[in-house]
Amino acid sequence: MTERPAAPARTASPPAVRPPELRWALRALCLTEIVSWGVLYYAFPVLAPSITADTGWSATELTAIFSTALVISGLAGIAVGRVISVHGPRWVMTSGSLVAVGSIAVIASAHSLWQFITGWLLAGLSMSGVLYAPAFAAVTVWFGRDRVRALTAITLVAGLASTVFAPLTALLDEHLSWRATYLVLGVVLAVLTVVPHAVALRPTWPNVHIRHPQPRLEEPRAELDEPAGEPVRRRAFLRLTFAYTAMSLCSFAVVVNLVALMQSRDYSTTAGAWALGIGGVGQVLGRLGYARLARRIGLAARTVAVFAVVAATTALFALVTGPYAMLLLISLVAGNARGLSTLLSATAVSDRWGVARYARLNGLFTAPTMIAGALAPFVGAGLAALLGGYPAAFIALAVLGAAAAFLVAQS
């Protein structure tokens with residue numbers, strides 16, 4: 001049967017969904033992702049030094065708590081994905097925003113370490129309902145074959161979260177306490193995420209079960225290019241997984257500890273925040289240029305090159321103390337490499353082994369990288385405490401990044 005009504009259902013864009021509804025939903029998700037990432041993730045590395053100075057809680061304790069929240073987010077995301085696959089994203093993301101606002105209020109009012117921990121555990125739960133995974137699930141279903149455009153729009157806008165919110169957080173921290181700063185950010189979070197999620201995420205949700213809510217960004221092309229019969233060699237797969245896990249640990253540890261590194265060299269919190277924010281600009285530029293890079297450079301060569309740049313810029317952060325403009329340039333290049341590595345990671349399995357076994361292999365591939373990214377803040381601060389400072393910690397992270405580049409060259 002080839003009747004026209006059947007086609008829209010198969011492309012996950014049902015007839016009841018009108019284009020204006022899709023446009024508003026996409027705009028809302030672009031807005032809520034940049035705000036959610038900015039408040040729940042990028043505000044922390046800016047405010048952590050102020051929290052330590054005010055409370056006496058060590059940087060290692062704070063980053064361990066933050067890492068725990070990220071681990072909780074990853075674990076809770078499994079259940080959140082299942083709920084969204086059946087009921088859609090609207091009320092899941094609205095509820096996640098409400099929990100996020102409540103968690104920020106608890107964090108801001110915490111006068112004991114246990115209350116602070118409770119706030120971040122709630123924040124971890126909320127992240128599973130408001131960050132990339134639910135947003136990606138939504139546009140993957142709503143936009144069907146046109147999902148890559150929607151996914152690109154969201155990641156490009158959200159990539160500017162550090163650029164907007166790191167300097168904004170530093171500015172607020174200069175004039176307010178860290179508690180008041182978090183309360184102001186909590187109000188921003190409430191106004192700019194709760195209502196958009198509740199009002200704009202209204203397109204009809206197909207009555208189908210989406211088994212894999214995480215989008216496969218390059219899936220249509222991979223289906224055309226994949227070496228469908230190529231065997232998955234266990235040793236090569238493990239090397240690739242270890243390489244990306246090490247790179248995830250290196251790059252995320254740098255992001256969360258960059259402000260602390262610069263403060264250890266007597267730069268202001270604002271200066272550190274701007275360096276972090278410039279990295280967000282580089283990240284967006286990297287994502288914009290990925291398609292052109294992929295056309296010109298082979299998979300293995302571009303992966304090794306990107307990993308090498310991440311390792312090199314990490315080492316430069318440790319070795320270069322100034323001038324400030326040079327540090328901003330290093331941050332821009334580092335962010336560019338991070339943006340490229342995000343898309344490399346999204347297509348690492350499909351580019352090598354196709355899409356026929358993608359779901360199973362990608363689940364095995366991404367689990368350790370997600371855990372590494374969650375533990376990275378604690379690892380970075382822990383290395384600084386163990387090795388006598390953040391410069392030495394960044395050298396250790398650079399060595400880890402270089403090892404990742406070597407491993408990926410062998411996979």
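Predicted, not measured: the structure shown is a model, and the values here were computed from it.
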*Is it true that atom CH2 of W24 has more than 12 heavy atoms of other residues, nucleotides or ligands lying nearer than 6.0 Å?*
no
*Taking only residues two or more places apart in sequence, or in another chain, which ones meet L75 in a side-chain contact (heavy atoms from CB on, under 4.5 Å)?*
V71
*asked:* How close do G277 and T163 get, counting heavy atoms only, and between which atoms?
replied: O-OG1, 2.6 Å
*Would you list the pairs meeting salt bridge (Lys or Arg N to Asp or Glu O under 4.0 Å) in which at least one residue belongs to residues 152-173, sequence neighbours left out?*
none
*Would a distance-only check, ignoring hydrogens and angles, find a side-chain to backbone donor-acceptor pair under 3.5 Å from T369 to T245?*
no
*Would you say the side chain of T270 lies within less than 4.5 Å of the side chain of P167, judging by non-hydrogen atoms?*
no
*Residues forming a side-chain contact (heavy atoms from CB on, under 4.5 Å) with L171, sequence neighbours excluded*: E174, H175
*Residue pairs fulfilling side-chain hydrogen bond (donor to acceptor under 3.5 Å, both in side chains) with at least one residue in residues 252-268, sequence neighbours excluded*: Q263-T269
*Within-4.5 Å side-chain heavy-atom neighbours: Y41 and L70*: yes
*Heavy-atom side-chain contact between Y42 and T169 under 4.5 Å*: no
*For residues 322-340, which residue pairs qualify under side-chain hydrogen bond (donor to acceptor under 3.5 Å, both in side chains), counting only residues two or more places apart or in two chains?*
none
*asked:* Show the nearest heavy-atom pair for residues I107 and W120, with the distance to one decimal.
replied: CD1-CE2, 3.4 Å
*Taking side chain as C-beta onward, heavy atoms only, is L328 less than 4.5 Å from L332?*
no
*Report the C-alpha separation of F66 and F44 in whole Å, then their side-chain angles, then the decisive distance to 0.1 Å, and conclude whether the ring-ring contact (aromatic ring centres under 6.0 Å, His included) test is met.*
CA-CA 8 Å; F66 186 62; F44 173 79; 4.3 Å; yes
*What's the shortest heavy-atom distance between V80 and G129, and which atoms?*
CG1-CA, 4.4 Å
*asked:* Quick check: do F165 and V46 have side-chain heavy atoms less than 4.5 Å from each other?
replied: no
_What I'd like to find out is whether the side chain of L299 reaches to under 4.5 Å of the side chain of R302, using heavy atoms alone._
yes
*asked:* Checking the side chain of T118 only, and the main-chain atoms of W114 only, is there a donor and an acceptor separated by less than 3.5 Å?
replied: yes
_Contacts of F394 that satisfy ring-ring contact (aromatic ring centres under 6.0 Å, His included) - sequence neighbours left out_ = none
_Tell me which pairs pass salt bridge (Lys or Arg N to Asp or Glu O under 4.0 Å) where either residue lies in residues 35-47, with sequence neighbours left out._
none
*For residues V309 and A337, report the shortest heavy-atom separation together with the two atoms involved.*
CG1-CB, 3.7 Å
*asked:* Closer than 3.5 angstrom, by distance alone: can the side chain of W142 be matched with the main-chain N or O of T204 as a donor-acceptor pair?
replied: yes
*With a 4.5 Å heavy-atom cut-off, do V99 and V130 have their side chains touching?*
no
*Are W205 and P89 side-chain neighbours, meaning at least one heavy-atom pair lies under 4.5 Å?*
yes
_Listed partners of V164 passing side-chain contact (heavy atoms from CB on, under 4.5 Å), at least two apart_ = I34
*asked:* Please enumerate all residues that pass side-chain contact (heavy atoms from CB on, under 4.5 Å) together with A311, with sequence neighbours excluded.
replied: A402
*Listed once per pair and sorted, the salt bridge (Lys or Arg N to Asp or Glu O under 4.0 Å) pairs that draw on residues 88-99, sequence neighbours left out*: none
Per-pair distances, 0.1 Å, donor-acceptor, side chain in residues 192-199, under 3.5 Å, sequence neighbours excluded:
unit_1: T193; atom_1: OG1; unit_2: S97; atom_2: OG; d: 3.3
unit_1: T193; atom_1: OG1; unit_2: L189; atom_2: O; d: 2.5
unit_1: H197; atom_1: ND1; unit_2: M93; atom_2: O; d: 3.1
unit_1: H197; atom_1: ND1; unit_2: S97; atom_2: OG; d: 2.8
unit_1: H197; atom_1: ND1; unit_2: T193; atom_2: O; d: 3.2
unit_1: H197; atom_1: NE2; unit_2: T32; atom_2: OG1; d: 3.0

*May I ask you to decide if A372's main-chain N or O and S248's side chain share a donor-acceptor pair within less than 3.5 Å?*
no
*Closest non-hydrogen atom pair between V259 and A273, with its separation*: CG2-N, 4.1 Å
*Would you please test Y244 and F307 for ring-ring contact (aromatic ring centres under 6.0 Å, His included) and show each step?*
CA-CA 9 Å; Y244 273 88; F307 279 30; 5.0 Å; yes
*Answer yes or no: are there more than 12 heavy-atom neighbours, outside F252 itself, under 6.0 Å from its atom CZ?*
no
_salt bridge (Lys or Arg N to Asp or Glu O under 4.0 Å) contacts in which one or both residues fall within residues 29-58, not counting sequence neighbours_ = D54-R179
